[in-house]
K.L.:
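The structure's right below; bear with me while I get my questions together.
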There are 2 protein chains.
Amino acid sequence: MARLPLYLRALTALSERSVPTVSSEELAAAAGVNSAKLRKDFSYLGSYGTRGVGYDVEYLVYQISRELGLTQDWPVVIVGIGNLGHALANYGGFASRGFRVAALLDADPAVVGSTAAGLPVRHMDELEDIVTAQQVSIGVITTPPGAAQQVCDRLVEAGVTSILNFAPTVLTVPDGVDVRKVDLSIELQILAFHEQRKAGDEPGAGDSVLDRAPGPVRAAAAKLRRAAGGTAKAEQAKGKTAQGTEGDLSAVMPA
Amino acid sequence: MARLPLYLRALTALSERSVPTVSSEELAAAAGVNSAKLRKDFSYLGSYGTRGVGYDVEYLVYQISRELGLTQDWPVVIVGIGNLGHALANYGGFASRGFRVAALLDADPAVVGSTAAGLPVRHMDELEDIVTAQQVSIGVITTPPGAAQQVCDRLVEAGVTSILNFAPTVLTVPDGVDVRKVDLSIELQILAFHEQRKAGDEPGAGDSVLDRAPGPVRAAAAKLRRAAGGTAKAEQAKGKTAQGTEGDLSAVMPA
DNA sequence: CCATCTTTGTGCACACGTTCACAAACACAT
DNA sequence: ATGTGTTTGTGAACGTGTGCACAAAGATGG
Ligand SMILES: NC(=O)c1ccc[n+]([C@@H]2O[C@H](COP(=O)([O-])OP(=O)(O)OC[C@H]3O[C@@H](n4cnc5c(N)ncnc54)[C@H](O)[C@@H]3O)[C@@H](O)[C@H]2O)c1
Ligand SMILES: NC(=O)c1ccc[n+]([C@@H]2O[C@H](COP(=O)([O-])OP(=O)(O)OC[C@H]3O[C@@H](n4cnc5c(N)ncnc54)[C@H](O)[C@@H]3O)[C@@H](O)[C@H]2O)c1
């Protein structure tokens, strides 16, 4: 399950404080989940606790680490050493969790050759050699969105079977390849959505009348919109033209 | 729903190519979801398409933007201008999606006063004033994990009601405050988990014998572990001591 | 050795999200 | 105006994940 890393983090914190055992209740509180869920997770995992006492912290740490494959360390390549790539390269939290940065890669000759976090930035041409030689199976993509799919293809071709994608792009990969994406804009948009909910429910304060009208009015409205060659009421959209870096909202009010 | 931003991104891409309408099938493919799911999302949202034709791209873009609260722009503060804070400050994708960086904040005097992405880094003391004056409701935490809860408390106290947390910490907040977390280590660990699954199922290759034995052997094993004062078989763990930056795996083999 | 108390492991019901499949609705050509 | 083709909107079945609640298991104290 996806909650194991959470448990592991809570457990290691306890381990550092030399706590010998935890009850499911305590651990669940520390990890921010339901205690029944935690117990079910552990039972499904096969790890056994002791009734009346709880779980042995050290044993669980080892069990979960093993289950997650953290008893071995995983070489990782980072492709696209810009703002985000630099930050990731400098991040110490990876090494401490069993992930080793095998190489930093970029296509820009101006970036290639510089160092980040003590590692040299190497050229994309070396990708295949590096992946093969060091048996890299995990790749991190921090290139601009336009290059992401192309980089992804090369990674997969070279033998990478797990990809962590930071570019706001939907990657298509063959079966057997796992992709996880981290999209900061989406996170913020979700927050904004809830934020708006809190601040009273009057989203547009105007055009909801037609849209919520049932029956034949709907068809009329649709026809109207199409006839106008676009959004009939887009004039209500803010004048913010936003010279989109990725050009996402740049066309709320089209030409 | 959490998929609206995805749809929005696909739709804006279409909008830039001046595509007037899309079928649910096409859009679903572009967003990487099931078409029925997409239709249900839209119907739940209240936006109407036209049967036999599809959805009006511009109209949908506006509708979703409005639903997400993207017709207004949201001031955001970033706290902790280290590696990650810098990267976020430099990221243009926020501004283009309706998010404006209201201020960069840090506690370190060595960092305060420098500039990042053209903005000055200001001291934490100014937090309350900034949040109040600019009516900031969204805060981003990129401090070390130890400071995260404390920073979170101050943000909430100042009036922030939505928090995006990059520190590997479970934040506790009062009701009415939303927290979303982005944890890169967890993402990598999940990938490693699946990666291990692919590479044959022999996680420990040794100690699974006892653990999977049913019946009274379980109790014996548990007793044994407790008596040994820790993991009876942790000796099988790799010798990698990992001088943990956050000290996460540093205690797989305890003292 | 027995009683009591704590905590696990899990059966079960429930709620939610997902997917299929199809009728109604609309466009378009004739 | 009518038929045909396309696509939406949604009812209903399905699978999954979640949480309650409780019996069994073991610890602990007498
Ligand atoms: N910076 C952030 O905080 C942030 C936040 C959210 C999302 N993102 C996303 O992460 C990605 C990277 O962001 P960034 O700010 O670091 O951008 P950036 O422009 O600073 O860095 C991109 C790097 O990728 C390299 N690159 C370009 N094409 C390449 C190719 N074909 N092969 C290899 N390398 C190539 C460039 O040379 C550059 O060094 C973008 O997709 C962005 O949308 C960034
Ligand atoms: N860098 C990454 O790629 C990365 C990846 C995953 C997670 N993270 C997490 O993000 C967080 C930041 O990472 P980083 O690499 O940028 O760390 P960093 O050490 O480079 O930056 C942290 C910044 O926070 C500031 N700070 C410390 N205490 C503060 C306080 N009480 N109030 C305000 N500011 C304070 C520091 O002065 C520093 O500038 C960490 O929790 C880390 O675990 C980072």
Side-chain angles (χ1 to χ4, degrees), chain A residues 1-4 6-7 11 14 19-57 59-60 63-64 190 211-227 229, chain B residues 1-4 6-7 11 14 19-57 59-60 63-64 190 211-227 229:
Chain A
M1 311 277 189
R3 278 185 299 270
L4 290 183
L6 263 181
Y7 301 150
L11 282 165
L14 291 171
V19 178
T21 58
V22 268
S23 67
S24 60
E25 211 86 34
E26 293 172 288
L27 186 55
V33 299
N34 185 294
S35 68
K37 186 168 11 181
L38 181 142
R39 284 199 299 275
K40 189 152 286 186
D41 285 346
F42 283 173
S43 77
Y44 188 78
L45 186 140
S47 288
Y48 304 113
T50 311
R51 304 190 183 204
V53 175
Y55 296 93
D56 183 296
V57 172
Y59 184 66
L60 256 190
Q63 279 291 358
I64 297 180
I190 293 174
D211 296 336
R212 281 177 196 153
V217 189
R218 284 168 39 189
K223 194 169 300 189
L224 191 66
R225 286 199 297 278
R226 215 164 13 259
Chain B
M1 310 281 187
R3 279 184 299 270
L4 288 183
L6 263 181
Y7 301 151
L11 282 166
L14 292 171
V19 178
T21 58
V22 268
S23 68
S24 60
E25 212 86 34
E26 293 172 289
L27 186 54
V33 298
N34 185 293
S35 68
K37 186 168 13 183
L38 180 141
R39 284 200 298 275
K40 187 149 283 188
D41 286 346
F42 283 174
S43 78
Y44 189 77
L45 185 141
S47 288
Y48 303 112
T50 310
R51 304 187 184 205
V53 175
Y55 295 93
D56 183 294
V57 173
Y59 184 65
L60 257 189
Q63 279 291 357
I64 296 181
I190 294 174
D211 296 336
R212 278 176 200 155
V217 189
R218 284 169 39 188
K223 195 169 296 188
L224 191 66
R225 285 199 300 275
R226 219 168 5 262

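Convention: sequence-line order gives letters A, B, ...; per-chain numbering from 1.
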K.L.:
How many angstroms lie between atom CZ of B/Arg39 and atom OG of B/Ser23, to the nearest 0.5 angstrom?
P.N.:
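Between B/Arg39 CZ and B/Ser23 OG, I get 9.0 Å after rounding to 0.5 Å.
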
K.L.:
Return the value, rounded to whole Å, for the distance between atom CG of A/Asp41 and atom P of D/dT16.
P.N.:
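The distance from CG of A/Asp41 to P of D/dT16 comes to 16 Å, rounded to the nearest Å.
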
K.L.:
Could you tell me how far apart A/Leu45 (CG) and C/dG9 (C1') are, to the nearest whole angstrom?
P.N.:
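My rounded result for the distance is 14 Å.
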
K.L.:
Compare the minimum distances between each of D/dG19, D/dG9, C/dT19 and the side chain of A/Lys37, then state the nucleotide with the smallest one.
P.N.:
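Minimum distance to the A/Lys37 side chain belongs to D/dG19.
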
K.L.:
OH of A/Tyr48 versus C1' of C/dT8: gap in Å, rounded?
P.N.:
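For the pair A/Tyr48 OH and C/dT8 C1', the rounded distance is 13 Å.
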
K.L.:
Rounded to whole Å, how long is the line connecting atom CG of A/Leu38 with atom C1' of D/dG17?
P.N.:
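Atom-to-atom, A/Leu38 to D/dG17, this comes out as 15 Å.
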
K.L.:
Check whether any side-chain nitrogen or oxygen of B/Tyr55 sits under 4.0 Å from OP1 or OP2 of D/dG9, and answer yes or no.
P.N.:
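Indeed, a polar side-chain atom of B/Tyr55 lies that close.
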
K.L.:
What about B/Lys40: does its side chain form a donor-acceptor pair under 3.5 Å with the base of C/dT18?
P.N.:
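Such a pair does not exist between side chain and base.
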
K.L.:
From A/Ile190 CD1 over to B/Arg3 CZ, what is the distance, rounded to the nearest 0.5 angstrom?
P.N.:
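Spacing of CD1 (A/Ile190) from CZ (B/Arg3) equals 10.5 Å.
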
K.L.:
Using side-chain contact (heavy atoms from CB on, under 4.5 Å), reason through B/Val57 and B/Leu27 one step at a time and then give a plain yes or no.
P.N.:
CA-CA 10 Å; B/Val57 173; B/Leu27 186 54; over 6 Å; no

K.L.:
Nearest whole Å is fine: how far is C/dG9 P from A/Glu25 CD?
P.N.:
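Going from A/Glu25 (CD) to C/dG9 (P), I get 14 Å.
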
K.L.:
Compare all side-chain heavy atoms of B/Leu45 with those of B/Leu4 and state whether any distance is below 4.5 angstrom.
P.N.:
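Of all side-chain heavy-atom pairs linking B/Leu4 with B/Leu45, at least one is under 4.5 Å.
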
K.L.:
Distance check: side-chain N/O of A/Ser43 vs OP1/OP2 of C/dT10, anything under 4.0 Å?
P.N.:
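Yes, within the criterion.
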
K.L.:
Please classify the nucleic acid contact of B/Phe42 as base, sugar-phosphate, or nothing, using heavy-atom distances under 4.0 Å.
P.N.:
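Here B/Phe42 touches no strand at all.
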
K.L.:
Taking C-beta and beyond as the side chain, do A/Leu60 and A/Tyr7 meet within less than 4.5 Å on heavy atoms?
P.N.:
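The answer is no; the side chains never approach within 4.5 Å.
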
K.L.:
I need the CG-P distance between A/Asn34 and D/dG17, as an integer number of Å.
P.N.:
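Spelled out: CG on A/Asn34 to P on D/dG17 is 15 Å.
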
K.L.:
Tell me which of B/Ala36 and A/Arg39 sits closer to the 5' end of DNA chain D, going by the nucleotide each one is nearest to.
P.N.:
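Closer to the 5' end of DNA chain D: B/Ala36.
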
K.L.:
Without decimals, in angstroms, what is the distance between A/Leu60 CG and C/dT8 P?
P.N.:
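Result: 11 Å.
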
K.L.:
Can you check the A/Arg51 CZ to D/dC22 C1' distance for me, whole Å?
P.N.:
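Distance check: A/Arg51 CZ to D/dC22 C1' gives 11 Å.
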
K.L.:
Within the structure, does a side-chain N or O atom of A/Ser24 lie under 4.0 Å from either OP1 or OP2 of C/dT8?
P.N.:
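Yes, because at least one side-chain N or O of A/Ser24 sits under 4.0 Å from OP1 or OP2 of C/dT8.
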
